[in-house]
Amino acid sequence: MPIEPSLAPLAAALAKGHAVLSAPTGSGKTTRVPLALLDAPWLAGQRILMLEPRRPAARMAAGRMAQMLNEPVGERVGHQVRFERRIGPRTRIQVLTEGILTRRLQSDPELTGCGLLIFDEFHERGLNADLGLALALDAAALRPDLRILVMSAPLDTAAVAHLLGDVPVIEGTGRSHPVEIRYAEHSTANVIDALTKTVRTALRECDGDVLVFLPGAAEIGRIAARLDGVDAVDLLPLHGGLSLPEQDRALRPDGSGRRRVILATDIAETSLTIEGIVAVVDSGLTRKPRFQPGSGLTRLVTEPISRAAAEQRAGRAGRLGPGTCYRIWTRAEEQRYPAHRPAEILQADLAPLALQL
């Protein structure tokens with residue numbers, strides 16, 4: 001994996017204190033880093049907790065690491081997400097969602113038995129991640145042996161490193177396979193029409209499965225209705241409202257050999273290697289909650305993604321081999337997209353945060 005050359009300097013940095021690891025999508029940092037650090041002398045046999053922003057990412061990361069160790073999930077590697085816990089007495093690496101870490105820190109402010117706390121995909125800057133890092137720094141003040149590692153695709157590493165105490169920043173290498181980016185020739189007036197046409201183009205020009213990024217479940221349903229009846233293709237939705245078995249059906253091939261079109265929200269944007277994906281079709285849109293101070297209410301807003309998120313999405317096509325990303329916006333339109341997504345703390349209702357504190 002491309003991250004391999006960075007493992008030795010990362011281990012050396014963590015032997016002295018906290019660290020930041022910045023590496024592009026597809027480098028292998030999510031699964032290789034925890035395993036590489038498992039026997040580090042400074043860890044002294046303690047546990048590694050790794051935080052993921054989404055449940056599918058947590059479950060798949062744990063499953064992949066357990067597979068690399070030729071063990072079932074729940075042995076040396078386990079996970080805990082909402083409504084599911086697979087952690088045993090021998091588990092050394094625990095992959096958690098961010099809200100679960102907050103509750104652990106509230107019940108055990110010292111994180112007893114944990115030697116390394118990893119914040120994966122920190123560039124997403126979710127409110128739970130920011131709160132968890134703040135509480136983790138309090139825990140580290142009580143326990144000098146506790147290490148904190150912030151991992152992400154390229155982000156403002158200088159600011160994060162300064163927050164952790166001007167710690168070293170380890171730069172990882174890029175994705176292992178090239179991805180060809182194809183832009184629309186003209187601005188799109190009807191997103192659903194453009195996506196439907198582009199998915200059909202991707203199925204015609206590429207040999208494997210297609211991952212389509214859409215802003216929400218409503219658009220997933222509309223695209224599925226438009227594509228219903230395409231020969232020898234399974235249409236599989238993937239969003240946070242589905243049950244865990246339904247999410248697994250989209251994330252793991254069933255062995256039938258039929259091509260798949262996975263219609264996903266940004267739940268599939270990071271930390272997931274979906275086998276068989278050779279093409280990505282990107283709507284360039286996301287739907288996020290936005291707090292309105294005037295009304296005191298939160299509403300969902302559909303808006304363009306950031307250029308960094310577009311890069312993350314394109315990387316899904318290059319995880320297992322060369323791929324293609326079809327963007328339904330033009331190169332000129334992309335220049336108006338924000339460089340990075342804003343931190344959730346700047347746009348969210350802070351009452352729940354105040355109650356947690």
Side-chain angles (χ1 to χ4, degrees), residues 1-53 57-80 86-88 90-96 101 111 113-123 129 132-133 136 140 143 145-155 157 160-161 164 167-177 270-273 315 318-320:
M1 291 183 178
I3 199 63
E4 296 292 336
S6 304
L7 296 178
L10 176 62
L14 287 170
K16 301 176 183 178
H18 308 322
V20 174
L21 173 62
S22 176
T25 181
S27 61
K29 58 185 179 298
T30 298
T31 53
R32 281 296 295 127
V33 168
L35 293 177
L37 298 174
L38 193 56
D39 297 321
W42 50 265
L43 194 58
Q46 297 185 96
R47 294 188 300 273
I48 296 174
L49 301 185
M50 184 166 73
L51 287 305
E52 294 291 342
R59 296 169 65 245
M60 288 194 69
R64 176 58 180 153
M65 284 188 283
Q67 183 183 39
M68 293 167 74
L69 295 173
N70 294 314
E71 297 176 353
V73 176
E75 288 294 315
R76 279 184 287 175
V77 182
H79 69 251
Q80 183 176 359
R86 297 183 64 182
I87 292 174
R90 297 181 59 241
T91 302
R92 293 277 315 284
I93 299 174
Q94 299 182 10
V95 188
L96 316 172
L101 173 67
L111 283 181
C114 172
L116 173 62
L117 186 55
I118 302 175
F119 289 83
D120 194 21
E121 306 296 349
F122 192 73
H123 65 276
L133 182 57
R143 287 187 48 206
D145 64 315
L146 177 63
R147 302 292 195 269
I148 298 174
L149 170 60
V150 174
M151 300 198 307
S152 176
L155 80 166
T157 53
V160 178
L164 294 176
V167 301
V169 176
I170 311 300
E171 300 285 349
T173 54
R175 68 167 68 95
S176 53
H177 300 286
T270 55
S271 295
L272 294 171
T273 296
R319 298 306 275 281
L320 301 176

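As a basis for the values below, the full set of heavy atoms in this structure was taken, side chains included, without hydrogen atoms, waters or symmetry mates. Given the structure is predicted, the values throughout are model-derived calculations rather than measurements.
When every heavy atom of A19 is checked against every heavy atom of L164, the shortest pair comes out as O-CD1, 3.9 Å. The shortest heavy-atom contact between A36 and L7 is CB-CD1, 3.9 Å. Smallest separation of non-hydrogen atoms from L101 and G132: CD2-CA, 4.2 Å. Between T157 and S22 the shortest heavy-atom distance is CG2-CB, 3.7 Å. The shortest heavy-atom contact between P34 and M50 is CG-SD, 3.6 Å. The heavy-atom pair separating V95 from A62 by the smallest distance is CG2-CB, 3.9 Å.
Panel note: side chain R76, backbone A66; no donor-acceptor pair is recorded below 3.5 Å. Side chain of S152 to main chain of H123: a donor-acceptor pair is present (N/O by atom type, distance under 3.5 Å, no hydrogens or angles). In this structure, the side chain of R92 engages the main chain of L38 through a donor-acceptor pair within 3.5 Å. Side-chain N or O atoms of R86 include none that pairs as donor or acceptor with a backbone N or O of H79 at under 3.5 Å.
Between L35 and M68 there is a side-chain heavy-atom pair separated by less than 4.5 Å. Within the 4.5 Å cutoff, no side-chain heavy atoms of P168 are placed close to those of V20. Proximity of L37 to V33: side-chain heavy atoms (C-beta onward) are separated by under 4.5 Å at one or more points. With a 4.5 Å cut-off on side-chain heavy atoms, L51 and F122 do not count as touching.
Considering NE2 of H18 and CG of L117, their distance stands at 9.5 Å, rounded to 0.5 Å. In this structure, L10 CG and L14 CG are separated by 4.5 Å, a value rounded to the nearest 0.5 Å. Here the CG-CD distance, from D120 to E52, works out to 4.0 Å after rounding to the nearest 0.5 Å. A distance of 12.0 Å separates CD in Q94 from CD1 in I118, rounded to the nearest 0.5 Å. Distance CG/L21 to CE/M151: 6.5 Å, rounded to 0.5 Å. We find the CD1-CD1 distance between I93 and I87 to be 11.5 Å, quoted to the nearest 0.5 Å.
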Could you go step by step and tell me if V77 and T91 meet the side chain to side chain contact (heavy atoms under 4.5 Å, CB included) rule? CA-CA 5 Å; V77 182; T91 302; 5.7 Å; no
The test is side chain to side chain contact (heavy atoms under 4.5 Å, CB included); show your working for V167 and K16 and say whether it passes. CA-CA 10 Å; V167 301; K16 301 176 183 178; over 6 Å; no
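For the pairing with C114, the side-chain contact (heavy atoms from CB on, under 4.5 Å) check across D145, L146, I48 returns one residue only, L146.
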